[in-house]
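One structure is given below, encoded as structure tokens.
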Protein chains: 2
Amino acid sequence: MDKNKIIRIKDIAKLSGVSVGTVDRVIHERGKVSEVSKAKVEKVLKEINYTPNLLAKTLGSNKVFKIALLAPHLDEDPYWNLALSALGSTQKEWQPYHIEILPFYFELHNADSYHKESERLLACNPDAVISAPIYLPEALTFSKKLKVMNIPFIHFNTLITEADPLAFIGQDLYQSGRLAASLLNLVCHDQKGSLATLHIVQSIQHSIHFQDKENGFNDYCKALASPQKTTSILINAHTQELFEASLLKAINEFEVKGLFIPTSSGAKKTAEVLRNNHLKDIKIVGYDLIQDNIDLLRSGEIEFLINQSPNKQLYRGVYHLAHHLLFKNPPPKKELFPLEIITRENIDSYTCAQILNQ
Amino acid sequence: MDKNKIIRIKDIAKLSGVSVGTVDRVIHERGKVSEVSKAKVEKVLKEINYTPNLLAKTLGSNKVFKIALLAPHLDEDPYWNLALSALGSTQKEWQPYHIEILPFYFELHNADSYHKESERLLACNPDAVISAPIYLPEALTFSKKLKVMNIPFIHFNTLITEADPLAFIGQDLYQSGRLAASLLNLVCHDQKGSLATLHIVQSIQHSIHFQDKENGFNDYCKALASPQKTTSILINAHTQELFEASLLKAINEFEVKGLFIPTSSGAKKTAEVLRNNHLKDIKIVGYDLIQDNIDLLRSGEIEFLINQSPNKQLYRGVYHLAHHLLFKNPPPKKELFPLEIITRENIDSYTCAQILNQ
DNA sequence: CTGAAAGCGCTAACAA
DNA sequence: TTGTTAGCGCTTTCAG
């Protein structure tokens with residue numbers, strides 16, 4: 001009657017007339033077991049419903065799993081600073097489960113540094129890896145090595161399908177661009193003029209990333225009942241003065257009424273130019289809840305932000321790897337985050353939630 | 001040098017010159033300990049950074065924690081259906097940590113049933129409770145009982161400050177109303193007419209809930225540079241015909257150009273009326289990702305939805321209770337969820353994420 | 001009030 | 001090839 005009782009390895013051993021050691025060997029296919037004992041154990045296993053106790057398992061095998069993280073150094077860029085802001089609490093959260101997170105930081109604009117850190121990472125022979133594969137060829141080599149070494153890895157932020165990670169965590173960038181377009185059209189409704197995607201060139205590696213967004217943006221505008229003209233502004237300037245001059249020129253040339261800025265850090269520079277030139281009718285849609293952007297949203301200089309939650313991406317990646325290591329739970333191949341729309345009226349609800357949800 | 005070593009109770013015992021039993025007593029304040037031993041242990045604890053091993057803890061105390069859930073029956077209402085959709089995976093997630101979630105369902109429109117289920121719940125003497133306190137007096141009585149029995153409880157969805165739960169999980173409804181107003185103003189920009197809050201009376205219990213939203217809505221409109229006229233429509237009709245008649249009358253009377261519908265299920269009925277009467281210039285902002293609303297958003301009959309993520313609310317509530325039981329980690333007194341804006345262009349990213357994030 | 005010791009269910013090393 | 005046993009870190013008796 002009392003079938004609710006939890007079945008232990010010991011029970012299986014008794015039922016099949018062998019020792020716990022043998023049962024363990026059969027279940028985990030380790031060591032040598034005679035055909036006959038194996039059959040006995042498997043017969044019992046088939047009849048009952050055995051679920052191993054994971055607490056006992058990780059406690060017993062006194063093993064600490066190492067998850068290595070490869071990401072840009074947080075001092076260089078507010079976006080990556082935000083992304084890694086959750087690292088401390090994530091480490092703390094998993095520590096009780098014998099899971100360690102070891103960060104390796106590379107220089108954001110230095111593919112060589114990426115490669116070097118990935119080598120250092122491998123040297124600590126981790127049980128799993130989570131990385132932001134922002135350098136395509138280097139990331140591919142790295143992925144191949146991980147495959148060979150049979151180390152599971154998850155990518156976040158940047159999608160590289162060829163690398164075939166255990167999972168990808170990020171957003172649908174094309175759709176993100178469409179969303180931006182819809183928002184910009186909403187606030188620039190009946191004025192005439194064009195909507196521009198503004199690329200501020202810092203380094204090349206991001207190009208694909210941003211191209212997807214721009215495609216979505218343009219496609220949306222093109223498909224409107226009354227199509228909205230779009231344009232693309234590319235500025236490669238090293239000083240704010242040069243930037244300002246180039247931007248103003250483009251704005252005049254294309255009669256820009258709204259700007260789509262696909263980088264998180266571009267909005268500030270842009271807003272400054274608009275402010276200095278009293279162009280407050282030009283609307284901005286930007287990305288991410290970095291402090292500068294939050295301030296600009298509050299002051300009304302940015303209309304909308306789209307939140308990529310890079311911190312949550314990391315958090316979820318670790319979550320999936322941890323479950324993979326502890327429970328052998330395979331994560332979904334792709335986890336696409338919601339495209340969060342941030343305005344003056346809901347920004348507070350996001351900044352406060354960010355603290356609370358770790 | 002090797003200070004990375006994990007500190008065990010045994011180590012603390014050795015350092016403070018007492019036994020593990022005594023250390024355990026001090027840490028958990030159980031049993032009797034002399035002042036002097038207590039001081040010794042506490043001194044050591046202050047110096048080192050002890051984090052108990054959760055695995056060993058739950059394995060050692062062969063205890064299963066019971067978290068009881070009190071919520072409306074899911075068959076009656078799509079909102080509550082959504083709220084409880086994450087229950088299964090949440091149960092599975094916590095099972096390995098010896099935490100059981102026992103649901104108790106009451107009838108949504110029956111305060112008496114709420115009371116009865118709360119009694120049944122207490123009879124199973126749970127270690128913690130999470131509930132949606134939608135009946136004010138009954139919830140207060142229930143809360144008092146829990147306090148007396150020293151059972152920690154968390155409220156979600158509905159805020160009752162007087163009940164003083166361990167935590168409240170939900171949204172800032174006033175701000176939510178403001179957000180709705182800002183969105184509705186965005187899409188109804190220069191047309192003239194009024195913006196109306198539509199209350200479809202089903203039962204009384206929700207009134208406060210919705211009043212907060214309406215206040216936020218009205219305050220926002222009033223404070224605009226060019227104030228927007230608002231009005232409040234209250235309909236108590238039992239058939240769709242009666243509802244249609246009342247709604248049309250109100251729309252004409254107040255020259256309504258936009259409708260704010262604070263209930264999740266009201267949008268469908270309303271959209272139907274607008275569709276039948278070719279009033280497609282009247283915009284709707286509604287609540288929650290229930291299927292009807294998703295369809296209406298996609299078809300363009302709803303402009304925006306605000307997502308309350310009732311399923312995540314439940315998930316987080318369980319998370320906090322579990323951590324409270326396992327680690328004695330006190331949750332934040334209030335966890336206010338982000339006010340998520342849903343449009344045609346980001347709805348897919350939400351519906352797919354919902355599955356993946358449990 | 002305190003310490004010693006026997007578990008919790010599993011792993012892994014060691015004999016046999 | 002097998003069975004036995006000593007841990008993993010914590011809880012919970014049970015003597016003293």
Side-chain angles (χ1 to χ4, degrees), chain A residues 4-42 44-45 48-65 95-100 127 325-328, chain B residues 4-42 44-45 48-65 95-100 127 325-328:
Chain A
N4 304 357
K5 243 198 78 192
I6 282 167
I7 294 154
R8 294 110 78 219
I9 282 199
K10 203 201 261 185
D11 301 316
I12 300 172
K14 195 171 287 173
L15 285 171
S16 45
V18 297
S19 72
V20 289
T22 306
V23 175
D24 183 75
R25 278 169 210 123
V26 173
I27 290 175
H28 297 99
E29 294 172 347
R30 53 179 154 224
K32 297 271 165 193
V33 185
S34 71
E35 281 305 319
V36 39
S37 330
K38 193 175 168 190
K40 282 197 281 189
V41 174
E42 279 176 341
V44 175
L45 281 174
I48 59 159
N49 188 7
Y50 173 67
T51 13
N53 182 325
L54 295 150
L55 303 182
K57 181 176 175 143
T58 47
L59 184 62
S61 81
N62 199 17
K63 170 163 174 89
V64 175
F65 287 111
Q95 186 186 316
Y97 304 104
H98 284 201
I99 288 180
E100 243 178 17
D127 299 285
L325 293 173
L326 291 176
F327 309 121
K328 303 228 179 298
Chain B
N4 305 356
K5 245 198 78 194
I6 281 168
I7 294 154
R8 294 112 78 221
I9 280 196
K10 204 202 260 187
D11 301 317
I12 299 173
K14 195 171 288 172
L15 285 171
S16 47
V18 296
S19 72
V20 291
T22 305
V23 175
D24 183 75
R25 279 172 208 121
V26 173
I27 290 175
H28 298 97
E29 294 174 345
R30 53 180 155 224
K32 297 273 168 193
V33 185
S34 70
E35 283 305 319
V36 37
S37 327
K38 195 177 167 188
K40 285 197 281 189
V41 174
E42 279 176 343
V44 175
L45 281 175
I48 60 161
N49 188 5
Y50 171 67
T51 13
N53 182 322
L54 171 69
L55 304 180
K57 182 174 175 150
T58 51
L59 184 63
S61 80
N62 201 19
K63 165 159 176 97
V64 175
F65 286 111
Q95 186 186 313
Y97 306 110
H98 284 199
I99 288 181
E100 243 179 16
D127 298 285
L325 293 173
L326 294 174
F327 306 107
K328 304 234 180 291

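Between the side chains of B:Asn62 and B:His98, no donor-acceptor pair of N or O atoms lies under 3.5 Å.
Sequence order on DNA chain C of the closest nucleotides to B:Gly31 and B:Ser61 puts B:Gly31 first from the 5' end. When each of A:Ala56 and B:Thr22 is assigned the nucleotide of DNA chain C bearing its nearest heavy atom, the one mapping closer to the 5' terminus is B:Thr22. Of the residues near DNA chain D, B:Arg30 and B:Leu59, the one whose nearest nucleotide (by heavy atom distance) lies more toward the 5' end is B:Leu59.
Picking from D:dC10, D:dG9, D:dT2 the nucleotide with the shortest atom distance to the side chain of A:Val33 gives D:dT2. With distances taken from any side-chain atom of A:Arg8 to the nucleotides C:dC10, D:dT12, C:dG3, the minimum falls on C:dC10. Of the candidate nucleotides D:dC10, C:dC10, D:dT4, C:dC10 has the atom nearest to the side chain of A:Ile9. When each of C:dA4, C:dC14, D:dT11 is scored by its nearest atom to the side-chain atoms of B:Asp24, the top-ranked nucleotide is D:dT11. Taking every side-chain heavy atom of B:Ser19 into account, C:dA4 is the closest of C:dA4, C:dA13, D:dC10. For A:Ser34, the listed nucleotide lying nearest its side chain is D:dT2; candidates were C:dT2, C:dA12, D:dT2.
Side-chain N/O atoms of B:Ser37 include one lying less than 4.0 angstrom from OP1 or OP2 on C:dT2. Dashed line: the shortest gap from a side-chain N or O of A:Tyr50 to OP1 or OP2 of C:dG9 is not under 4.0 Å. Here A:Arg25 does not reach the OP1 or OP2 of D:dG3: none of its side-chain N or O atoms lies under 4.0 Å away.
With rounding to the nearest 0.5 Å, the separation of OG in B:Ser34 from CZ in B:Arg25 is 10.5 Å.
Rounded to whole Å, the distance from CD on B:Glu29 to P on C:dC1 is 15 Å. Taking atom CG of residue B:Asn62 and atom P of nucleotide D:dT11, one finds them 13 Å apart after rounding to whole Å. Going from atom CD1 of A:Ile27 over to atom P of C:dA12 covers 13 Å, rounded to whole Å. Between B:Leu55 atom CG and D:dC10 atom P there is a gap of 10 Å when expressed in whole angstrom units. Atoms NZ (B:Lys14) and C1' (C:dA4) sit 15 Å apart, rounded to a whole Å. Here the P atom of nucleotide C:dC10 and the CD1 atom of A:Ile7 are 10 Å apart, to the nearest Å. Rounded to whole angstrom, the span from the NZ atom of B:Lys63 across to the P atom of D:dG9 amounts to 24 Å. One interatomic measurement links the two molecules: NZ of B:Lys32 to P of C:dC1, which rounds to 6 Å at whole-angstrom precision.
Nucleic acid contact for A:Val20: base, since at least one base atom lies under 4.0 Å from a heavy atom of the residue.
A salt bridge links A:Asp11 with A:Arg8: at least one charged nitrogen is closer than 4.0 Å to a carboxylate oxygen.
Between A:Asp127 and A:Lys63 the shortest side-chain heavy-atom distance falls below 4.5 Å.
Considering all non-hydrogen atoms of both residues, B:Ala13 and B:Val20 come closest at CB-N, 3.7 Å. Closest approach of B:Thr58 and B:Tyr97 over heavy atoms only: CG2-O, 4.1 Å.
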